[in-house]
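As structure tokens, the structure follows; a few thoughts come after it.
Throughout, protein chains are lettered first and strands after them, A, B, ... in sequence-line order, and every chain is numbered starting at 1. Computation of the quantities below employed the complete heavy-atom set of this structure, encompassing side-chain atoms and omitting hydrogens, waters and symmetry-equivalent molecules. Because the structure is a prediction, the values reported are computed rather than measured.
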Amino acid sequence: MEYNFREIEQKWQQKWVEEKTYQVAEDKSKPKFYVLNMFPYPSGAGLHVGHPLGYIASDIYARFKRLQGYNVLNPMGYDAYGLPAEQYAIQTGQHPEKTTFQNIDRYREQLDKIGFCFDWDREVRTCAPGYYKWTQWAFQKMFGSFFSKSPLPTSPKGEESHAAGKARPIEELVDFFEQKGTEGLEDFGVAQTENLMFTAEEWNSWDEKKKSDVLMNYRIAFMGETMVNWCAGLGTVLANDEVVDGVSVRGGFPVEQKKMRQWCLRVSAYAQRLLDGLDTIEWSDSIKETQKNWIGRSEGTEVQFKIASPLPTSPKGEESHAACSSTENLTANNPDGNHSPLGETEGASFTIFTTRADTMFGVTFMVLAPESELVEKVTTAEQKAAVEEYIKYVKGRTERERMIDHKVTGVFSGSYAINPFTGEKNPIWISEYVLAGYGTGAIMAVPAHDSRDYAFAKHFGLPIIPLIEGADVSEESYDAKEGIVCNSPRKDVKPYIDFSLNGLTVKEAIAATKKYVKEAGIGRVKVNYRLRDAIFSRQRYWGEPFPVYYKNGIPTMIPEECLPIELPEVDKFLPTETGEPPLGNATVWAWDEVNKKIVENKKIDNKTVFPIELYTMPGFAGSSAYYLRYMDPHNDQALVSKDADEYWQNVDLYVGGSEHATGHLIYSRFWNKFLFDLGVSCKEEPFQKLINQGMIQGRSNFVYRIKDTNTFVTLEKKDQYDVTPIHVDVNIVSADVLDVEAFKAWRPEYNTAEFILNDEGKYVCGWAVEKMSKSMFNVVNPDMIVEKFGADTLRLYEMFLGPVEQSKPWDTNGIDGCHRFLKKLWKFMTSPLPTSPKGEESHAACSSTDNQTANNPDGNHSPLGETVGASKEELKALHTLIKKETADIEAFSYNTTIAAFMVCLNELTKLKSESREVKETLAILLAPFCPHLAEEFWHLLGHTTTVCDAPWPAFNEDYLKEDSVKMMVAFNGKARFPLEFPADVTKEDAEKAALENPQSAKWMEGFTVAKVIVVPGKMINVVLKK
RNA sequence: GCGCUUGUGGCGGAAUUGGUAGACGCGCCAGACUUAGGAUCUGGUAUCUCCGAUGUGCAGGUUCGAGUCCUGUCAGGCGCACCA
């Protein structure tokens, strides 16, 4: 009987569908386990061998957990909205839904061939109205919420407040404004875009529009005017993680900074909780570090500096310098001082953020970001032209240019700021090296201890004052945060204030300065985060529409009971002629407030019928809470029912690529924390354990064309010519040798090309390991492997390749080894062959063999030889595997599990094992890796139920116990020869035996024994001395 | 520049708390069976000056003993990158 994988796999895949083997329901009698894969974007290229790697790894774990008695949820779905389908639609006119569904069908077909235990009844598609209803719903909830560290006086009493703050209904904030305006609001740590100030009277006097605008400053989902990444090539804005090296990740179009009105999510409000949560989850250090980096918490100090020069509106520029001296009466301790030179009393100072408060005495200049609103205020008349020219230069530089060359540029504003610690007037410069979006958009420059300030000071000839004992700043700045502070204040200068940091360590000096700044009322301790609010709107068609209409300019939520608001039909997917997003092409896209339905645009009267939002949501919207939806995918009353959420809790094991570290994995954590605050999700972190599967790289092949000719040279000779490498399809190269005719057929433009072959008459290709992608022509399709070797071999091989988390090149060389193993296993499990002519009858034999014993090797063997009890050796081999596999699957060390399986099989084959116990156990142990074959074995052993529900074999230590142990005898740590001992040998006996052994004499000659170290069961090390 | 991570045969990779380095597989070599072999089976396979010595990127250290721990250093991969 041959191992006919095609027949077996087809049979079981069909059976699993028929018997709904993988359907799962809440079952309170069993512990739950939730396994999740990052759902795929169904691209037109289909799956390649890299995709299933993570799916197989999680499938094995899911099956293993099920065998251990868990109720396992292992769902799958599609991240179906996205740019490629839309770009394709623009080019071909095909509706993106059509191509998306085609791609989904293709994916499904490919996935089905690999034998995953997905519960397809729970499939979700982000583009399905029943799904995105809840995306829209969550957005509306965010719109209706604000975030504060502690409850407002207007919040309901007795609520449990999260240490780092939580989302609360916006109505609480409105009540607060009605009573107090913004007075005292800062005490509650309300997350906001800008620090607005208004009174209750002002608030109450404002109209709806104004109130709406003000509330946008606080809402978690809000409309904001922000600098966005505008991608003209795609006609849309992009999130930071969708832009790499100044170009779009999708399509590679240039991206520029532009100020636009966009929907945003106040992710920054959750910065601290996103950071804190990392300590509670089992993710790799590298992903946690990446997220910490992205969140970018930095604890520092905000310090106010007063501006010491007249405003540019002062009549004569010439006088501005003279004015400097007249401001010396403004001291740090005199906030009520006469501000007259500055015209207005407000705005006469500005705030900077620093983490190096200890360096206050080394400030020699100040720098503002070019985009800072302060620039206008501090620019003097005489510097106006220079500043304007500089701003123009900065605006002309793209994000990319700024990223690539960090050249030192800047311009003097003409104004000075008074250092509150030294009283010195520090010139205020404007430079692109200071970012508007971080801190306050203004810094104090300490060139001695900051390399960027140092470069700037050197370039513009500004003074550099070292503040740390022994720091040599003649060549470069001393950035380290360690050492003893000096020059603070300088000994030769009369102190300006009664404050000194000299002699303190940097750490102490920072603390002392913070204390002083607070007490003197010139600043405060501040924590800044790099994490920015997420831009949440896109000017595209193929995304979730916003459930928002514009009531006389006020963004208004469509009532919750009317959701979902379905994506309208359009006749083209491009922006309209007036530059509106594609939804501007829709003719039925207006909200009838009275009848609560979507109506034709022409009915818009701005009385009861209003225009609907034309933006759509970004890709991460639909992927942020999908894991909750899988728990209860058909519920149309709630995102997830309380029951389902409480049963499934959160994902126990999440498997996916590390490329989502700063995108999806931040957004979904944020989204889930918000839903947690709402009480929708009972767990604050969505993904308890995260495994990042490595990338399977492809082996790209190249041919070498001599430049400006139509001649190709083989690899060996390529260095003799000036050649251009050209990628070659992986399918027309075998063992590095190109099929020249196939190449010509593949690339007709080279039909007449000449190929210079090597001495053996072959064309040898060059190769490199690269990411698997269509454009490299190195994509290996899993279907081909399944066709040739079967899904079980593919599964086994992908796991045998190496640790799951490690990237590795795809190489088909080893696949034979895995296939061979399964064939050997087949032979072992199905031998001895049936004595009865018909295979069908063999099953009956199972029950009729009870009378046969282990001591009856001559017994009548039924197909799977279940007549014989297992011998001691067999049980030892088997239980070694049970132990190893159980521990290794838990540790995701699948490659070593497979190795152990191979060892066990070799052992059992040698022992000619025919025991039913052994074979049944092997079938179960095989089930996570090769489910088809395991089912077949299970079935051949006479079982009628699925192997998925078999009990995981219990490991019995007794079978591993040996009567004797082998111990290595070593001299000075060098192993020399092994000795056998009874298992219970004492240290003394072992030592004695080792020293007395004749072999030892050779090694001990000329030495005396200094001591002997006996490691029980392992080794006897004799330490020798001359 | 900062952070994370990885360096072991011809190749992919194994090595609980430090305790026989190279499991398992590929490849290669030899043999068996064959009309045949890209089938199957058996044996071998780190290196060298081969009764011995040397070997886990490199240089030190701790230890009776180091792939494993410590210090420094080099190289590759990934992430962040003017974040004050």
Side-chain angles (χ1 to χ4, degrees), chain A residues 244 284-294 296-298 300-301 352-357 359 367 369 402-403 405-408 431-435 437-446 449-453 455-456 479 528-532 658-659 661-662 692 694-695 697 796-797 800-803 805-818 820-821 823-824 827 884 887 891 893 895-906 909 966-978 1002 1010-1025:
Chain A
V244 169
S284 72
D285 285 346
S286 72
I287 294 271
K288 282 188 182 181
E289 277 305 315
T290 303
Q291 291 216 340
K292 278 182 194 164
N293 227 317
W294 195 257
R297 182 183 207 270
S298 81
T301 316
I352 59 91
F353 175 77
T354 182
T355 54
R356 291 298 300 274
T359 60
V367 190
R402 257 171 112 160
M403 231 145 43
D405 76 306
H406 289 178
K407 60 183 169 192
V408 180
S431 173
E432 58 179 331
Y433 88 88
V434 173
L435 306 175
Y438 184 74
T440 59
I443 63 152
M444 60 178 213
V446 186
H449 301 296
D450 182 285
S451 52
R452 297 153 304 184
D453 298 345
F456 195 85
D479 289 14
N528 264 337
Y529 300 92
R530 255 183 50 200
L531 186 70
R532 307 292 170 81
S658 56
E659 67 272 18
T662 54
N692 299 114
M695 196 176 41
Q697 294 141 319
L796 199 68
Y797 179 59
F800 190 58
L801 223 42
E805 300 192 67
Q806 199 170 300
S807 287
K808 52 234 151 187
W810 178 256
D811 174 7
T812 47
N813 285 337
I815 203 158
D816 291 310
C818 286
R820 213 171 288 161
F821 163 70
K823 279 199 278 191
K824 275 191 237 172
K827 204 168 151 191
K884 180 93 179 137
S893 181
N895 54 332
T896 53
T897 307
I898 296 165
F901 218 118
M902 289 169 170
V903 173
C904 178
L905 177 64
N906 288 343
T909 306
K966 192 171 74 175
M967 286 170 79
M968 207 63 192
V969 180
F971 296 88
N972 285 339
K974 286 195 171 27
R976 294 303 175 186
F977 58 87
K1002 184 172 83 188
K1011 87 174 145 171
V1012 179
I1013 291 151
V1014 179
V1015 183
K1018 295 249 163 94
M1019 65 157 25
I1020 302 152
N1021 187 20
V1022 182
V1023 184
L1024 299 170
K1025 260 200 308 203

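- Regarding contacts with the backbone of B/rU17, every side-chain N or O of A/Lys1018 stays at 4.0 angstrom or more from both OP1 and OP2.
- No side-chain heavy atom of A/Arg976 sits under 4.5 Å from any side-chain heavy atom of A/Val969.
- Side-chain atoms of A/Asn1021 come within donor-acceptor range of the base of B/rC64, with a qualifying N/O pair under 3.5 Å.
- Across all strands shown, A/Lys407 has no heavy atoms under 4.0 Å from either base or sugar-phosphate atoms.
- Across all strands shown, A/Val446 has no heavy atoms under 4.0 Å from either base or sugar-phosphate atoms.
- Distances from the side chain of A/Trp294 to the nucleotides B/rA84, B/rA81, B/rU40 place B/rA81 closest.
- At a cut-off of 3.5 angstrom, the base of B/rU20 holds no donor-acceptor pair with the side chain of A/Lys974.
- Taking atom P in both B/rA66 and B/rG3, one finds a spacing of 30 Å when rounded to whole Å.
- Residue contacts shown for A/Pro803 are limited to sugar-phosphate atoms, with no base heavy atom under 4.0 Å away.
- Residue-to-nucleotide proximity on RNA chain B shows that, of A/Ala442 and A/Lys884, the 5′-proximal contact is made by A/Lys884.
- Among the atoms of the strands shown, only primed sugar atoms or phosphate atoms (P, OP1, OP2) are found under 4.0 Å from some heavy atom of A/Lys823.
- Shown here, B/rA14 forms no base pair; nothing in the strands shown gives a Watson-Crick or G-U wobble contact with both key distances under 3.5 Å.
- Judged by Watson-Crick or G-U wobble contacts below 3.5 Å, the nucleotide B/rG65 has no partner.
- The heavy-atom pair separating A/Ala661 from A/Gln291 by the smallest distance is O-NE2, 2.8 Å.
- Contact detail for A/Lys824 and A/Asn906: the closest heavy-atom pair is NZ-OD1, 4.2 Å.
- Between A/Tyr438 and B/rA84 there is a side-chain N or O to OP1 or OP2 distance below 4.0 Å.
- A donor-acceptor contact shorter than 3.5 Å links the side chain of A/Lys808 to the backbone of A/Pro803.
- Residue A/Arg297 is classed as having no contact, given no heavy-atom separation below 4.0 Å to the nucleic acid.
- To the nearest whole angstrom, the two C1' atoms, one in B/rA53 and one in B/rU5, are 35 Å apart.
- Out of B/rG79, B/rU20, B/rG25, the shortest distance to the side chain of A/Thr290 is found at B/rG79.
- Counting all heavy atoms, side chain and backbone alike, A/Glu432 lies closest to A/Lys407 at OE2-O, 4.3 Å.
- Judged by Watson-Crick or G-U wobble contacts below 3.5 Å, the nucleotide B/rC48 has B/rG52 as its partner.
- Atom C1' of B/rA39 sits at a distance of 38 Å from the matching atom of B/rC48, rounded to the whole Å.
- Nucleotides B/rC2 and B/rG52 are separated by 50 Å at their C1' atoms, to the nearest Å.
- In this structure, B/rG13 is classed as anti because its glycosidic torsion departs from zero by more than 90°.
- The partner of B/rC78 is B/rG3, by the rule that a Watson-Crick or G-U pair needs both atom distances under 3.5 Å.
- Closest contact between the side chain of A/Asn906 and the listed nucleotides B/rC82, B/rG25, B/rC64 involves B/rG25.
- Rounded to whole Å, the distance from CG on A/Leu801 to C1' on B/rG25 is 11 Å.
- B/rG57 and B/rA75: their P atoms are spaced 16 Å apart (whole Å).
- For A/Asp816 and B/rC11, the CG to P distance is 20 Å, given to the nearest whole Å.
- The pairing partner recorded for B/rG72 is B/rC58, the criterion being a Watson-Crick or G-U wobble arrangement whose two distances lie under 3.5 angstrom.
- The A/Phe800 side chain lies nearest to B/rC24 when the options are B/rC24, B/rA84, B/rA81.
- Comparing B/rU5, B/rA15, B/rA84 by their nearest atom to the side chain of A/Val434 picks out B/rA84.
- We find that CD of A/Gln697 is positioned 13 Å from C1' of B/rG12, with the value rounded to whole Å.
- The interatomic distance linking A/Phe971 (CZ) with B/rG65 (P) rounds to 15 Å, in whole Å.
- Using a 4.0 Å heavy-atom distance criterion, A/Lys288 is classed as making no nucleic acid contact.
- Side chain of A/Asn528 to main chain of A/Ser298: no donor-acceptor pair is present (N/O by atom type, distance under 3.5 Å, no hydrogens or angles).
- A/Asn895 comes within contact range of the sugar-phosphate backbone alone, with a heavy-atom separation under 4.0 Å but no base atom that close.
- Residues A/Phe821 and A/Phe901 bring their aromatic ring centres within 6.0 Å.
- Side-chain atoms of A/Asn972 come within 3.5 Å of backbone atoms of A/Leu1024 as a donor-acceptor pair (strictly under, hydrogens ignored).
- Distance check on atom P: B/rA84 versus B/rU73 gives 25 Å, rounded to whole Å.
- To the nearest angstrom, P of B/rC82 lies 6 Å from CG of A/Leu435.
- The shortest side-chain heavy-atom distance between A/Asn1021 and A/Val1015 does not fall under the 4.5 Å cut-off.
- B/rC33 is unpaired under the criterion used here, namely a Watson-Crick or G-U wobble arrangement in which both key atom distances are under 3.5 Å.
- Taking every heavy atom of both residues into account, A/Thr301 and A/Ala357 meet most closely at OG1-CB, 3.6 Å.
- Under the Watson-Crick or G-U wobble criterion, with both distances below 3.5 Å, B/rG38 is left unpaired in every strand shown.
- Classified by its glycosidic torsion, B/rC50 falls in the syn category, the angle being within 90° of 0.
- The side chain of A/Lys808 sits closest to B/rG13 out of B/rG25, B/rA84, B/rG13.
- The phosphate of B/rG13 (OP1 or OP2) has a side-chain N or O of A/Gln806 nearer than 4.0 angstrom.
- Of the listed nucleotides (B/rU20, B/rA84, B/rC41), B/rC41 has the atom at the smallest distance from the side chain of A/Lys824.
- One finds no side-chain N or O of A/Ser284 lying less than 4.0 angstrom from the OP1 or OP2 phosphate oxygen of B/rC4.
- Checking B/rG52, B/rA23, B/rA84 against the side-chain heavy atoms of A/Asp450 singles out B/rA84 as nearest.
- Among the atoms of the strands shown, none is found under 4.0 Å from any heavy atom of A/Asp453.
- Across B/rU20, B/rC26, B/rA84, the shortest atom-to-atom separation from the side chain of A/Thr354 is found for B/rA84.
- Rounded to an integer number of Å, the gap from A/Asn293 CG to B/rC2 C1' is 8 Å.
- Here B/rG1 presents its P atom at 21 Å from NE2 of A/His449, a figure rounded to the nearest Å.
- With C1' as the reference atom, B/rG60 and B/rA14 are 28 Å apart, rounded to whole Å.
- Across all strands shown, A/Val903 has heavy atoms under 4.0 Å from sugar-phosphate atoms exclusively, and none from any base.
- With RNA chain B read from its 5' end, the first of the two nearest nucleotides for A/Met1019 and A/Cys818 is the one closest to A/Met1019.
- Rounded to an integer number of Å, the gap from A/Met695 CE to B/rU5 P is 19 Å.
- Checking B/rA21 for Watson-Crick or G-U wobble geometry (two distances, each under 3.5 Å) identifies no partner in any strand.
- B/rA23 and B/rU16 have their C1' atoms separated by 15 Å, given to the nearest Å.
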